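Written out below as structure tokens is the structure these notes cover.
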Amino acid sequence: MTRTTIRLRNSLSRKVEPFVPIDPENLRLYLCGPTVYDRAHLGNARPVVVFDVLNRLLRHVYGAHQVTYVRNFTDVDDKINATALARKNAGADSSLEALIRERTEETIRWYHEDMDALGADRPDHEPRATDYIDAMIRMIAGLIESGHAYAAQGHVMFRVRSFAEYGKLSGRSVDDMIAGARVEVAPYKEDPMDFVMWKPSDDELPGWDSPWGRGRPGWHIECSAMSYELFGDSFDIHGGGIDLQFPHHENEMAQSCCAHPQGDFARYWLHNEMLQVEGKKMSKSLGNFFTVRDLLDQGIPGEVIRFVFLQTHYAKPMDWTAEKARQAEVTLRKWHALTAGIEPAASAAPSVVDALADDLNTAGAIAALHALRDPAVLKASAHLLGLLQTDMAGWAQTADVDLTMWADKLADLRTAAMQTKDFAPVDALKQALVAAGVEVRMSKAGVELLPGAGFDPSQLPEL
RNA sequence: GGCGAGUUGGCGGAGUGGUGACGCAGCGGAUUGCAAAUCCGCGUACAGGAGUUCGAUUCUCCUACUCGCCUCCA
């Protein structure tokens, strides 16, 4: 049996390439996770869902135990520090370090809740930057030793000019970027493009002892250090939002490739495009900024959010609209009803697998799902996309309320009305039931009442 | 300024060098006391221009427009 060939768009080559794992028995997947300073906004969820599907596909093709999925938590960050400091100044009776830990713990808990609601499987490892400070220091020290970095005024900088490939991932040249003048010039920098790997901390900031004094790591080094500790000097796929391509991933690559020149760092880079809301960039200033939790609290099920995400290919900008959410809900309700109580088939439909293998064509996979006629196959295939999972079906389940009394009453009124030709009482009860969210079906065979989309038992009419 | 993505019917969107998916909405019909649900049927869309070709929505070039990233940011 030949194994499905997965094709992926590799940011490094800017082409869709066949995916060939380094070791088919040990696939390694790294996704840049969140900085845990606050609730995840909707855009944060996109790479999570994209990678969740990739993870499912890889496990489907290579075997569940052959894939290791890592997603980090960035818990060293000035916004976290600021929150902790604010709590300290507001009279909190703990150390700054404890307040920071408290803030990151609560944010991670929220993150888990919200991503779980989207049906995203937890990664195999979720390393926290603060647990890998030693590894970062080791890597930085090594880079200084090999001449790729230098210490100055308590900082350690990466010497961008020492890495000939710098700019390869994001398709830009160091000279062009300097010409663009969007770089910070600092006295401790040899070159304006050099970036910080380690920076000093004052007493108001968390810090760790290092050969360069008490300080904290720059942003990029954590992924380099953690991926090395967990995966070694080469791994298969590294992902994140397209906005991370530069500078974050470019810098990671520079650090890692210089620190471990014998390795490749990441073979394939997968970047998802940005999210928009009703055709516009999501931003606080436009007032269209919201979190995953906001949507969930509005009663939009996580599965619906997931479906909307998957309708757009990850490499295209995705537009979140209320109308899409509405349509997604209709479709999912239909499928849930179709597959309720049905055992999923042994394997997913080839049409769905093929669509996903083609650079994660999730929209094509959904199209293929629509074409499936066998509910068991539909269910199994939807599972590959993380849809129609039983633990997510709760929202679509029809409320478990016995409507027999109302059905009987309606049937009686109808029978009587057939004689008297006065249908007003029938219509009155029917409308009341519809208002309560009940779907009313009357036919020659009799009356059938089904709880519908907005069913609210408290709105049922009195008898 | 640098880099990149996109433009398919009312909306969302798949896909293809030659019989124009699918979903939602809409319309007509069957059915129904009326509806709902269901079933049947309908729509003649691929930004514009030039080129390659027997033939292009699908390939090439140009133009227009939209959007994103380049700064903490997924």
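In this text, all values refer to a predicted model and were calculated from it rather than measured experimentally.
When the C1' atom is used for both G43(B) and C11(B), the distance is 14 Å, rounded to whole Å. With both ends at atom C1', the span from U8(B) to G15(B) equals 10 Å, rounded to whole Å. The gap from the P atom of C61(B) to that of U52(B) amounts to 15 Å, rounded to the nearest Å. Using atom P as the reference point in both C39(B) and A56(B), the two lie 39 Å apart (nearest Å). Taking the P atoms as reference points, G9(B) lies 13 Å from A14(B), given to the whole Å. Nucleotides U31(B) and G41(B) have their C1' atoms positioned 15 Å apart, rounded to a whole Å. U60(B) and U66(B): their P atoms are spaced 24 Å apart (whole Å). Comparing G13(B) with C24(B), their P atoms are spaced 16 Å from each other, to the whole Å.
In this structure, CZ of Arg441(A) is placed 12 Å from P of A36(B), rounded to the nearest angstrom. Protein atom CD of Gln311(A) is 11 Å distant from nucleotide atom P of G12(B), rounded to whole Å. One can place CD of Gln245(A) at 18 Å from P of G2(B), the figure rounded to the nearest angstrom. Counting to the nearest Å, the P atom of G15(B) and the CG atom of Asp359(A) are 11 Å from each other. As a whole-Å value, the separation of Leu338(A) CG from G23(B) C1' is 14 Å. Distance Trp320(A) CH2 to G12(B) C1': 14 Å, rounded to the nearest Å. In this structure, the CG atom of Leu310(A) is 18 Å from the P atom of G12(B), given to the nearest Å. Summarising the geometry, the separation between CG on Asp358(A) and P on A14(B) is reported as 11 Å, rounded to the nearest angstrom.
For residues 296-311 of chain A, the pairs satisfying side-chain hydrogen bond (donor to acceptor under 3.5 Å, both in side chains) are Asp52(A)-Arg306(A), Glu303(A)-His336(A), Glu303(A)-Trp395(A), with sequence neighbours left out. Applying the ring pair (Phe, Tyr, Trp, His ring centres under 6.0 Å) rule to pairs touching residues 408-446 of chain A yields nothing, sequence neighbours excluded. For the side-chain hydrogen bond (donor to acceptor under 3.5 Å, both in side chains) condition, the pairs that include at least one residue of residues 403-417 of chain A, sequence neighbours left out, are Asp402(A)-Thr404(A).
Comparing Ala45(A) and Ala371(A) by the nucleotide of RNA chain B whose heavy atom lies nearest to each, the residue mapping closer to the 5' end is Ala371(A). Closest-nucleotide positions on RNA chain B for Asp319(A) and Met282(A) were compared, and the one nearer the 5' end corresponds to Asp319(A).
Every side-chain contact (heavy atoms from CB on, under 4.5 Å) that Pro247(A) has, sequence neighbours left out, goes to His220(A), Asn251(A). Checked against side-chain hydrogen bond (donor to acceptor under 3.5 Å, both in side chains), Tyr314(A) has the following partners two or more places apart in sequence or in another chain: Asp359(A). For Arg7(A), the side-chain hydrogen bond (donor to acceptor under 3.5 Å, both in side chains) criterion is met by no residue, not counting sequence neighbours. Applying the side-chain contact (heavy atoms from CB on, under 4.5 Å) rule to Thr130(A) yields the partners Asp75(A), Val76(A), Arg101(A), Arg128(A), Trp208(A); only residues at least two apart in sequence or on another chain are considered. Remark: Phe51(A) pairs with no residue by the ring pair (Phe, Tyr, Trp, His ring centres under 6.0 Å) rule, at least two apart or across chains.
Contact between Asp422(A) and Ala417(A) at its shortest, heavy atoms only, is O-CB, 3.4 Å. Considering all non-hydrogen atoms of both residues, Gln245(A) and Leu169(A) come closest at NE2-O, 3.1 Å.
Heavy atoms of Gly240(A) sit under 4.0 angstrom from primed sugar atoms or phosphate atoms, though from no base atom. If you check every strand for non-hydrogen atoms under 4.0 Å, Thr321(A) touches nothing.
Summarising the geometry, atom OG belonging to Ser347(A) is positioned 13.0 Å from atom NE2 belonging to His383(A); distances are rounded to the nearest 0.5 Å.
Taking the side chain of Glu439(A) as heavy atoms from C-beta on, and the options A5(B), A37(B), C24(B), the nearest nucleotide is A37(B). Picking from C72(B), U7(B), A25(B) the nucleotide with the shortest atom distance to the side chain of Lys316(A) gives U7(B). Between A21(B), A74(B), G13(B), one nucleotide has an atom nearer to the side chain of Leu275(A) than all others, and that is A74(B). Closest to the side chain of Met442(A), from the set A14(B), G33(B), G12(B), is G33(B). Of the listed nucleotides (C24(B), A36(B), A74(B)), A74(B) has the atom at the smallest distance from the side chain of Pro47(A). For Asp77(A), the listed nucleotide lying nearest its side chain is C72(B); candidates were C24(B), C72(B), A35(B).
Checking the phosphate oxygens (OP1, OP2) of G13(B), a side-chain nitrogen or oxygen of Lys324(A) falls inside 4.0 Å. Side-chain nitrogen and oxygen atoms of Ser443(A) include none within less than 4.0 Å of the OP1 or OP2 phosphate oxygen of A37(B).
If you check distances only, the side chain of Gln327(A) never reaches the base of G12(B) with a donor-acceptor pair under 3.5 Å. At a cut-off of 3.5 angstrom, counting only N and O atoms as typed in the model, there is a donor on one side and an acceptor on the other between the side-chain of His41(A) and the base of A74(B).
Side chain of Glu250(A) to main chain of Gly167(A): a donor-acceptor pair is present (N/O by atom type, distance under 3.5 Å, no hydrogens or angles).
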Shorter than 3.5 Å, N or O on both sides, protein versus nucleotides 66-69 of chain B: list them out with atom names.
unit_1 : atom_1 : unit_2    : atom_2 : d
C67(B) : O2'    : Gln276(A) : OE1    : 3.4
C69(B) : OP1    : Lys281(A) : NZ     : 3.0

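Aromatic pair Phe290(A)/His41(A): centroids not less than 6.0 angstrom apart.
Of the residues in residues 404-430 of chain A, those placing a heavy atom less than 4.0 Å from an atom of RNA chain B are Arg414(A), Met418(A), Phe423(A), Val426(A), Asp427(A), Lys430(A), in numerical order.
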Which side-chain N or O atoms in residues 371-379 of chain A pair as donor and acceptor under 3.5 Å with protein atoms at least two apart or in another chain?
unit_1    : atom_1 : unit_2    : atom_2 : d
Asp374(A) : OD1    : Ala376(A) : N      : 2.9
Lys379(A) : NZ     : Thr339(A) : O      : 3.1
Lys379(A) : NZ     : Ile342(A) : O      : 2.9

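A stem is defined here as three or more consecutive Watson-Crick or G-U pairs, each with both distances under 3.5 Å; for RNA chain B these stems are B:1-7 with B:64-70, B:10-12 with B:22-24, B:26-30 with B:38-42, B:47-51 with B:59-63.
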